[in-house]
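Right, one structure below, let's go through it.
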Amino acid sequence: MPGYSNRELIIATIADLLDGIRHVAVGASSPMPAAGAMLLRARNEIAKRERVRISILGSEEHNFFTNGGVELFDCTAQGRVDAFFLGGGQIDGEANINLVGTGDYPQTEVRWPGCFGSAFMYYLVPRVILFREEHSPRVFVPKVDYISAPGVSDGIVRPGGPHALLTGMALFDFDKQKKRFSLRSVHHGYTAADVRAATGFDYDAPENVPETKAPSAENLAILRGRVTEELSESYPAFAEMLRGERKEAA
Amino acid sequence: MPGYSNRELIIATIADLLDGIRHVAVGASSPMPAAGAMLLRARNEIAKRERVRISILGSEEHNFFTNGGVELFDCTAQGRVDAFFLGGGQIDGEANINLVGTGDYPQTEVRWPGCFGSAFMYYLVPRVILFREEHSPRVFVPKVDYISAPGVSDGIVRPGGPHALLTGMALFDFDKQKKRFSLRSVHHGYTAADVRAATGFDYDAPENVPETKAPSAENLAILRGRVTEELSESYPAFAEMLRGERKEAA
Amino acid sequence: MGEIVSLEELAAEVQPGCKLAVPADYCGVAMSATAAIIANRPKNLHVVCVPVTGMQGDMLIGEGLVGTLETSAVTLGEAGGAPRFQDAVRKGSFKLMDATCPAVHSGLIAGQKGVPFLPIRGIIGSDLLKTRTDWKTIQNPFSDEEDPIIVVPAIQPDVSIFHAPEADRFGNVRIGRRRELLTMAQASKATIVTVERISEESLLKTEDSAAGVLPALYVTKIAVAPRGAWPLPLWGEYGVDTAEVARYAAMARTPEGFAAYMDGFARRLREAA
Amino acid sequence: MGEIVSLEELAAEVQPGCKLAVPADYCGVAMSATAAIIANRPKNLHVVCVPVTGMQGDMLIGEGLVGTLETSAVTLGEAGGAPRFQDAVRKGSFKLMDATCPAVHSGLIAGQKGVPFLPIRGIIGSDLLKTRTDWKTIQNPFSDEEDPIIVVPAIQPDVSIFHAPEADRFGNVRIGRRRELLTMAQASKATIVTVERISEESLLKTEDSAAGVLPALYVTKIAVAPRGAWPLPLWGEYGVDTAEVARYAAMARTPEGFAAYMDGFARRLREAA
């Protein structure tokens, strides 16, 4: 037993990936990214480092926007949103993401909700973290069936793009020049071979893949205390689940 | 004595020129257009005709806009502003207006405030009434020194433009095809020759120029009663002046 | 402008073939009015979602009233995918205009400003462009280098519809921070609004309340519909009825289940009010 | 963000050569801060008036601090023309970028949206285009016919400054219906604000108050300046001091009179507060 759950590891990893940012926007139905952002905010406050601002989209209480739904996008284009999370029904080895569906568009066999703001945010937010807990060949495909937003672009103004890919199993970096992911680390309980088997696209990997950095005792304490408290305001069900997992582990 | 002042005649003429509109915007420092609009609103209400909406720009109480200074222009572009008033330091025979200055731009000898919204409103409001009380050759020139906004345009989208020119002396129509004014009527106390002498540009005129239609007794009563009351809210000094003129005339 | 009418009279504004703009769930969705619209069966609607839709869009699709769907997403949120939407997509039952949220906002702002288009960054390289042939790529006229940028055409709905907490008797509507409702209304030829209640006092009376108001100038008709967003939430008033949305999500998986749900929907709306 | 500082510290944000955006008189002009800025003598300012200016612009011009003036008008309102502006125009003392109000708004909205330009109707055929060579005419990409339309480039001020009734201690600022202040602030790299007072309670607390708020995210520094717009008006708080503006208008007719007026201006600001 590593002394932390897989979810706690992911949250702590998100906090590390966000390190240095001033403003992150997270979705109202995205508790893990929100938890990571809250962990970073709390530990920066304790260390008297830069203040972290978290906009929870769609929330009435934790929404600091006053100009309607367009403000997230304007704010992003102004360079005031440093980090954002995107997922996808499919993600391929060039970091293209598909939020639309599988099969031939438009009459896709499986239809997901749609692109939302991805065809804008992916281009303009400097640090986009691709986050998908499910790590399987059906998600991580050689080539997406529909490009909601491409991983890289040539010949256009594009200040933003993929910074990392985080899953329930591993953490990848993305090289924009090579247009390829490289495996940075594997979460406790998994091997590099597990990741290779569960990933449908090719990627680079070091000979010896390290384990994803375990959350420090201090980080775990903040996460289990203050952050879980903060989470219960906007994500009560998720906060309960975290508490439950902890009891089971104990 | 005609039983009405020159100002009352102008106000009643403005009400006639606005007849049929639903929404007019007037400047906070433009009491005569506002008075004309209020007269139309009052008499339409009495006759149970279409409701007239008056937006007094810059007013805190009579401003029905909630989207800042841009709303007048957006509202206009949406086709929701039927009439507007423009003046000018110079106006020429092709209905070009100059709100900038005289002499060689940019180092103009006489400098007026500037174009304000004229280079937009003149193009987009269907019924622009050119209004300038001073009727003199220095205002009504053969050719303006600077075109803040042209009277007519070819080859562009332009749903709006000049509808009439009203001065302290006379009322002109404007013919967009001929790009010329034609004298419709002369106010009581002036002759067609007075107007010709005071106008620096050439214009068409009928052989016998009628006198500008006198305000009816009913219109005068509404103007001297309800409209003067309404005016005293937004234009107290002007309302006092109207009351004063009336006493002198009586 | 801002006339207060019955729900039926309000719903009659939505004519067959019209371009109808609807807001996202967090902005106040006129669900009571949707039932009244469905009763009139206006076919071949072009629904513009600002910028996404949920149960409302799914219902209109399920009823076969949608000819064109312009949206950045359709989802029932926590209750999952929108079943009638997914089914209709598979069958190709309507013209699908997939979008991305900021492009919908930009199109409406172009409509609001009376300009033919607005430029927007991003999008280039997305498969959205394969079907959104109404979006064009132009050279940025202010760059000396090659700098392609997308321009999206103005969106000018015939009718926009939403649900709000309050209108006053002069026809002004409280929209708070939901500024997209103002943009949507200004861009539209007509705007119809259902509200929880009518205030006797003008909403423009104080600076504070005026800041969050859609003026009557842009409001065509208003109808009172208590709990008119149910089972969806209304900001500042009530939350989503999670169980009811889940019930819809489950039943609407099949055409028969959807029909059964809709059968009782108008009645349950009355009960919920 | 939204740090509360002294007037002097706030004024120091306005550096020589910077692009400074200022609002119209009806939006709340930071006159106290203007005196503090003048004391620092930042030369060669590019002043962007949103969309017009009055006494504030005239003072900055009279002090010789303006290198470029971008405005749709300069006027002292009822007190007449702006004398230092008129004199400087005659002498060609600065670069003059005459504009028209909606084009200023469109330029700032482009800045707010991070797009290089916005299209706008009108303007073609106006002599504005003779000197506004930064405005371009393009073919409307959505028209098959010839349809020229103006595009104006984004305006991105380095600093915007205004005066408001209230900020809260979290740095949020009340702007009410003056939405151009939000656009101006969002388009600017930094925004500095003077206020009548600081509220302990968050202005975002209720839906009503939140609707009229510029969030702290866009606010760099705030200073308390009671009657900080004097002698100009502040919406919802106090009217214009007509006599004082008339006194300025009369004195500023000559450089000497202007100098004499300015000599006592900072002192009178303190007395008025």
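In what follows, chains carry the letters A, B, and so on, assigned in the order in which the sequence lines appear, proteins first and then strands, with residues in each chain numbered from 1.
- Arg90(C) approaches Glu109(A) most closely through the heavy-atom pair NH1-O, 2.9 Å.
- Of all heavy-atom pairs between Phe85(C) and Trp112(A), the closest is CE2-O, 4.1 Å.
- The CD1 atom of Ile147(A) sits 11.0 Å away from the CG atom of Leu129(C) when rounded to the nearest 0.5 Å.
- Leu96(C) has its side chain within reach of Arg111(A): a pair of non-hydrogen atoms, C-beta onward, lies under 4.5 Å apart.
- Although no hydrogens or angles enter the test, the distance criterion places no donor-acceptor pair under 3.5 Å between the side chain of Tyr123(A) and the main chain of Arg121(C).
- No side-chain heavy atom of Val74(C) sits under 4.5 Å from any side-chain heavy atom of Pro113(A).
- Nearest heavy-atom pair across Ala119(A) and Leu128(C) is CB-CD1, 3.7 Å.
- Other residues, nucleotides and ligands contribute more than 12 heavy atoms inside 6.0 Å of the NZ atom of Lys176(A).
- Considering only heavy-atom pairs separated by less than 4.5 Å from chain C, the leading option among Leu124(A), Ile156(A), Leu99(A), Val157(A) is Val157(A).
- Counting all heavy atoms, side chain and backbone alike, Gly155(A) lies closest to Pro148(C) at O-CD, 3.4 Å.
- We find the NZ-CD distance between Lys91(C) and Gln107(A) to be 11.0 Å, quoted to the nearest 0.5 Å.
- Most heavy-atom pairs under 4.5 Å with chain A, from the set Ala24(C), Cys101(C), Cys27(C): that is Cys101(C).
- Residue Lys130(C) does not touch chain A at all, counting heavy-atom pairs closer than 4.5 Å.
- Closest of all the heavy-atom pairs between Pro102(C) and Gly117(A) is CD-CA, 4.0 Å.
- Identified by a heavy-atom distance below 4.5 Å to chain C, the contributing residues of residues 67-78 of chain A are Asn67(A), Gly68(A), Gly69(A), Val70(A), Phe73(A), in residue-number order.
- Contacts between Leu182(C) and chain A at a heavy-atom distance below 4.5 Å are absent for every atom of the residue.
- Taken from OH in Tyr146(A) to CG in Asp127(C), the straight-line distance is 5.5 Å, to the nearest 0.5 Å.
- More than 12 heavy atoms of other residues, nucleotides or ligands sit less than 6.0 Å from atom CZ of Arg243(A).
- Considering OG of Ser72(C) and CZ of Phe120(A), their distance stands at 12.0 Å, rounded to 0.5 Å.
- The shortest distance between side-chain heavy atoms of Tyr26(C) and Asn63(A) does not fall below 4.5 Å.
- Residue Ile175(C) does not touch chain A at all, counting heavy-atom pairs closer than 4.5 Å.
- Looking only at heavy-atom pairs under 4.5 Å with chain C, the residue among Gly160(A), Cys115(A), Ala149(A), Ser118(A) that has the most is Cys115(A).
- Counting heavy-atom neighbours within 6.0 Å of Arg253(C) CZ, excluding the residue itself, gives a total of 12 or less.
- Both the backbone and the side chain of Val89(C) have a heavy atom closer than 4.5 Å to some heavy atom of chain A.
- Interatomic distance, Phe116(A) CZ to Thr75(C) OG1, rounded to the nearest 0.5 Å: 5.5 Å.
- Rounding to the nearest 0.5 Å gives a distance of 15.5 Å between CZ of Arg179(C) and CZ of Phe65(A).
- Few gaps surround CD on Gln139(C); more than 12 heavy atoms of other groups in view lie less than 6.0 Å from it.
- Ser126(C) contributes a side-chain N or O that, together with a main-chain N or O of Ser148(A), makes up a donor-acceptor pair within less than 3.5 Å.
- Contacts of Tyr105(A) with chain C are made by side-chain atoms alone, with heavy-atom separations under 4.5 Å and no backbone atom involved.
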